[in-house]
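Input: a single structure, listed below in structure tokens.
In the text below, chain A, chain B and the rest are named by the order of the sequence lines, each starting its count at 1. Scope of the values below: all heavy atoms of this structure, side chains included, with no hydrogens, waters or symmetry mates.
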Protein chains: 2
Amino acid sequence: MDAIDRALLAELQRDATQSYAALGGTVGLSAGAAHERVRKLRERAVIRRTAAEVDPAEVGAGLLAFVTVESTSWMGDTAAAFAAHPEILEAHVVAGSASVLVKVRTATTEQLQDVLRRIHAIDGVNGTRATIVLETLLDRPVSPHTPGRP
Amino acid sequence: MDAIDRALLAELQRDATQSYAALGGTVGLSAGAAHERVRKLRERAVIRRTAAEVDPAEVGAGLLAFVTVESTSWMGDTAAAFAAHPEILEAHVVAGSASVLVKVRTATTEQLQDVLRRIHAIDGVNGTRATIVLETLLDRPVSPHTPGRP
DNA sequence: CCGGGGTGCCGAATGGGTTACGGCACACAC
DNA sequence: GTGTGTGCCGTAACCCATTCGGCACCCCGG
């Protein structure tokens, strides 16, 4: 995991469709060497997967909301309960007053309300507080940087 | 934007490295037709880009936190101020008491504190409240579904 | 009923890219 | 100095992306 690996990661985060020849060109490697590096990054699961990024508004998910979920019991192993609802994109166990923070995308406020209802139905859930996003200023992947210096 | 397009989007979100022949096979199309469909989806910006997904812990960003930012003035056009800090991955203008909700990834709590300090320095920012993530239960892309029925 | 334009798919050809392999340079240990 | 390992380059073979002609189907308008 040196500077060349980080440059490869940054390039692949920006555009994963380019050829290995072009990729090697920008980081100063041959196509074969660049391919070998990327193969190892995938093998070590530094690159989890390479996926297409879809415009949420185009697939019926133009409304974004964050929901803090209050619960009475421990929510450490309820991932499946949240995963069962496709509108729930992220679920994090958090420190603080709320137990779980959930990111939800739906098409309408009615569908959001329906998701809230289904979250309430999850075992141990005590209450929810939804915060609706009006405008997304920024949404980008993590930037690989040198350890110790952002 | 029919059922085949949605199947293509779902497949490309799962794995964008597969060949167009395999892609066409899963959706019931030839390689050429699948390629043409995907090309148009990119052209219409339904597919924003295709990128490698990097393990945050491997690039010095193992700590995840959500920060609610209180402000005195309107924060509608301060995207650049947040984008200037690479640890800030998302920034959303939200309805409710807080003005902006920010998603931050750093390596350590010290670096998180430094990010909070820099957020405070942004013009108009009045206060922050950080919520640290203990465990991520779920993190996935939007699932393309038929309009009106999740 | 019957052209005419348009769209979308298939099948084949070709140019480019991916990927495997031999060889070499360098670093390190003994 | 010698052996071992790692990582890179150049080349070659193969596979795949991309384009093109042709055809089937649908929707209008004559």
Checklist line | B:Glu11 and B:Gln18 side chains, donor-acceptor separation under 3.5 Å | finding: yes
Consider the side chain of [X], meaning its heavy atoms from C-beta on, and name the nucleotide among [options] that approaches it most closely.
{"X": "A:Ser19", "options": "D:dC9, C:dT18, D:dG7", "result": "C:dT18"}
{"X": "B:Ala33", "options": "C:dG17, C:dC10, C:dG8", "result": "C:dC10"}
{"X": "B:His35", "options": "D:dC9, C:dG17, D:dT18", "result": "D:dT18"}
{"X": "A:Leu29", "options": "D:dG7, C:dC9, D:dC8", "result": "D:dC8"}
{"X": "A:Arg37", "options": "C:dG17, C:dG8, D:dG7", "result": "D:dG7"}

Grab the [atom1]-[atom2] distance between [X] and [N] for me, whole Å please.
{"X": "B:Glu36", "N": "D:dA17", "atom1": "CD", "atom2": "C1'", "value": "13 Å"}
{"X": "A:Lys40", "N": "C:dA20", "atom1": "NZ", "atom2": "P", "value": "13 Å"}
{"X": "B:Arg39", "N": "C:dC9", "atom1": "CZ", "atom2": "P", "value": "12 Å"}
{"X": "B:Leu41", "N": "C:dG8", "atom1": "CG", "atom2": "C1'", "value": "14 Å"}
{"X": "A:Tyr20", "N": "D:dA17", "atom1": "OH", "atom2": "C1'", "value": "15 Å"}

Check: Relative to each other, are the rings of A:His35 and A:Tyr20 parallel, tilted or perpendicular (30° and 60° limits)?
Finding: perpendicular
Notebook entry, point to check: If you draw a 6.0 Å radius around CG in B:Asp123, do more than 12 non-hydrogen atoms from other residues or ligands fall strictly inside?
Noted result: no
Next item on the list: Output yes when a side-chain donor or acceptor of A:Arg49 lies under 3.5 Å from a complementary backbone atom of B:Gln13, and no otherwise.
Entry: yes
